[in-house]
Asks: 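Take a look at the following structure, please.
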Amino acid sequence: MISQLFILSSKGDLLIYKDYHGLSTNSNAADGLYLKLSSLPSDQAPVVMEHEGGHFLHTRHRGLYFVISIRPDDSPFMYLDFLNRLAALIRDYCGDLSEAVIRLNFALIYELLDEVLDYGFIQTTSTDVLKNFIQSDPVVTKPFSLLDLSSVGLFGAETQQSKVAPSSASSRPVLSSRHPQGDQNEIFLDVIERMTVAIGANGSLLKADVQGELRLKNFYQSCPGYGSAVRVDSCQFHESVKLDEFEISRILKVLPPQGELTVMQYQISDSISTSLPFHLFPSLERDPGSSRLRIYLKLRCDLSPKSQAINVRVQIPVPKGANSVSQDLSSPDQSAELTPNTQSLSWNIPRIRGGSQLSALFKVDVSGCFSLPSVLDLPPLNLSFQVPSLTCSGLQIRFLRLRSERPTPIHTWVRYLTQSDSYSVRLG
């Protein structure tokens, strides 16, 4: 049973608040809870924590905190699934999930919560069922048109001839049952993979894992879709997937409800069919007779020349006491930033094409004494990046077919994305 529900912004602002049992006369608990959550790194904040005598459970989506308070004897797993489903419902009905979207559609979200929860008890999280009860219209920031491909997003195309929809194409709400669907019969299938890579100081590969998802967003009513997959180490399927032909033909039959769902989750361990997208070669030395550390980095992108990585960031650990940095970067669109509080230096690269190589020289001034062996004991370097239109596992969707009794034109889109989950290179 849920006692309280919060949705907090990345800065701790209270966007949505519901108190189902009158246990708190105000929402001040959210302030203290946010301070507790934000004081820890995002990958270390516990999912379940105790605060002011209450038990709170939270998940993060797009920088937002979804928080509920539950009883001590409640199982957290069901409520974790509920919070993830609530985030998906907001995306379904509002078209996207962000602080701005929630502020614009707070009335619709409160109406959703009134239907989803009854005195803290979960009633339904089905998009199809809720369509019969939701009356509020979503506030959409920018309507999407298939004829307008001028704004190119992460998955977007550069020309109309490529027949690839921009990333904003699926960012629109699922209309309620009282609205006609018109000609917006579309299905989007995203193949999203996250890489976990560890590279030793000598350049040897220590670990390479891939976790992937087939994420479907359906704007068509009662229409099964067909797709294909390849050999993986482990996988899980949504309850709407029929596996009659999967073992032999690698075909998934899906009877999806309207809205967004994860059709399949899979994992590949230490067996990536393609080469690693990046190789990083660090070199560290201390200026003789000074407290300055010289860091030379060479980043090689081993993607195909037809591919490119975007939003590349190299996170470099620096010794305690680092207070200033000067840099020599290989192109003017790059930037660097020293953050003394976290003892790290960021090298930001907007985009890098496959087959190219970039370099950077950083001169870090450190207050106090340090030795080169102590520098080599620092944490590993970390890379974060996104590679559109590519899967590092080699997984491809061979076809996406739909069966319908109505002769209605249907648009299908398949998009690919590889992004880093943890991509580290040891210094010593």
Side-chain angles (χ1 to χ4, degrees), residues 10-12 34-46 60 62-63 194-203 206-207 276-287 290-301 309-352 357-387 419-428:
S10 58
K11 298 180 180 179
Y34 172 75
L35 293 176
K36 210 168 187 178
L37 291 172
S38 59
S39 64
L40 295 172
S42 59
D43 58 345
Q44 296 182 15
R60 289 194 69 182
R62 308 279 182 89
R194 297 176 298 277
M195 298 188 70
T196 300
V197 174
I199 300 175
N202 59 356
L206 305 178
K207 179 183 180 181
L276 295 179
F278 289 102
H279 284 85
L280 182 64
F281 305 96
S283 174
L284 292 83
E285 62 182 28
R286 178 181 176 181
D287 278 354
S290 69
S291 59
R292 172 176 290 180
L293 175 66
R294 294 168 60 93
I295 304 174
Y296 179 73
L297 298 177
K298 184 170 67 174
L299 180 65
R300 190 180 74 207
C301 182
I310 61 175
N311 302 328
V312 181
R313 170 176 290 187
V314 183
Q315 201 79 14
I316 309 155
V318 295
K320 186 176 181 181
N323 50 43
S324 65
V325 62
S326 60
Q327 67 264 2
D328 183 8
L329 306 177
S330 55
S331 64
D333 60 339
Q334 303 170 29
S335 63
E337 181 182 4
L338 176 66
T339 310
N341 294 337
T342 58
Q343 294 180 235
S344 65
L345 172 65
S346 297
W347 179 21
N348 304 310
I349 305 167
R351 63 183 68 246
I352 176 172
Q357 183 172 288
L358 301 176
S359 61
L361 173 62
F362 301 102
K363 300 176 183 178
V364 182
D365 293 320
V366 182
S367 59
C369 298
F370 71 94
S371 61
L372 192 57
S374 66
V375 173
L376 297 179
D377 291 335
L378 289 171
L381 286 79
N382 277 284
L383 278 80
S384 61
F385 56 86
Q386 296 173 328
V387 184
Q419 58 189 12
S420 59
D421 190 22
S422 173
Y423 202 105
S424 61
V425 180
R426 296 183 181 178
L427 293 174

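This structure is a prediction, so every number in the text was calculated from the model and none was measured. Starting from 1, each residue takes its place in the sequence as its number.
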Asks: For Arg62, enumerate each residue passing the salt bridge (Lys or Arg N to Asp or Glu O under 4.0 Å) test, keeping only those at least two apart in sequence or located in another chain.
Replies: Asp96
Asks: Mind listing the closest non-hydrogen atom pair of Lys320 and Val366 along with its distance?
Replies: O-CG1, 3.6 Å
Asks: How long is the straight-line distance from CG of Asp328 back to CZ of Phe362, given to the nearest 0.5 Å?
Replies: 9.5 Å
Asks: Starting at CG of Leu381, measure out to CG of Leu427 and round the result to the nearest 0.5 Å.
Replies: 5.0 Å
Asks: Holding to ring pair (Phe, Tyr, Trp, His ring centres under 6.0 Å), I want the full list of residues that pass it with Phe385, two or more places apart in sequence or in another chain.
Replies: Phe278, Tyr423
Asks: In Å and rounded to the nearest 0.5 Å, what is the CG to CH2 distance from Leu297 to Trp347?
Replies: 5.5 Å
Asks: Can you tell if the side chain of Arg426 reaches within under 4.5 Å of the side chain of Leu206, non-hydrogen atoms only?
Replies: yes
Asks: Report, one line per pair, each donor and acceptor closer than 3.5 Å where one atom sits in a side chain of residues 335-342; sequence neighbours left out.
Replies:
residue, atom, partner, partner atom, Å
Ser335, OG, Asn348, ND2, 3.4
Thr342, OG1, Thr339, O, 3.4
Thr342, OG1, Ser344, OG, 2.8

Asks: Can you measure from CG (Asn311) to CD1 (Ile349) and round to the nearest 0.5 angstrom?
Replies: 11.0 Å
Asks: Salt bridge (Lys or Arg N to Asp or Glu O under 4.0 Å) with Arg300: which residues, sequence neighbours excluded?
Replies: Asp302
Asks: Please tell me if the side chains of Leu383 and Leu299 come closer than 4.5 Å, counting only heavy atoms from C-beta onward.
Replies: yes
Asks: For a salt bridge (charged side-chain N to carboxylate O under 4.0 Å, His left out) with Glu285, tell me which candidate from Arg292, Lys363, Arg294 qualifies.
Replies: Arg294
Asks: Ignoring hydrogens and geometry, is there a side-chain-to-backbone donor-acceptor pair from Ser367 to Gly321 under 3.5 Å?
Replies: yes
Asks: Taking the side chain as every heavy atom from C-beta outward, state whether Leu358 and Val312 have any atom pair closer than 4.5 Å.
Replies: no
Asks: Closest approach of Ser384 and Ser420, non-hydrogen atoms and distance?
Replies: CA-OG, 2.9 Å
Asks: First locate atom OG of Ser331, then atom CD1 of Ile352, and finally report the distance between them rounded to the nearest 0.5 Å.
Replies: 9.0 Å
Asks: Pick from Pro317, Ser346, Ser424: which one makes a side chain to side chain contact (heavy atoms under 4.5 Å, CB included) with Asn382?
Replies: Ser424
Asks: Rounded to the nearest 0.5 Å, what's the gap from OG on Ser422 to NZ on Lys207? Could you check?
Replies: 7.5 Å
Asks: Could you tell me which residues satisfy side chain to side chain donor-acceptor pair (under 3.5 Å) with Ser359, sequence neighbours excluded, listed by chain and number?
Replies: none
Asks: Within a strict 4.5 Å, meaning less than it, do heavy atoms of the Val318 and Val325 side chains meet?
Replies: no
Asks: Just wondering, do Leu276 and Met195 contact through their side chains at under 4.5 Å, heavy atoms?
Replies: yes
Asks: Partners of Ser324 by side chain to side chain donor-acceptor pair (under 3.5 Å), sequence neighbours excluded?
Replies: Asp365
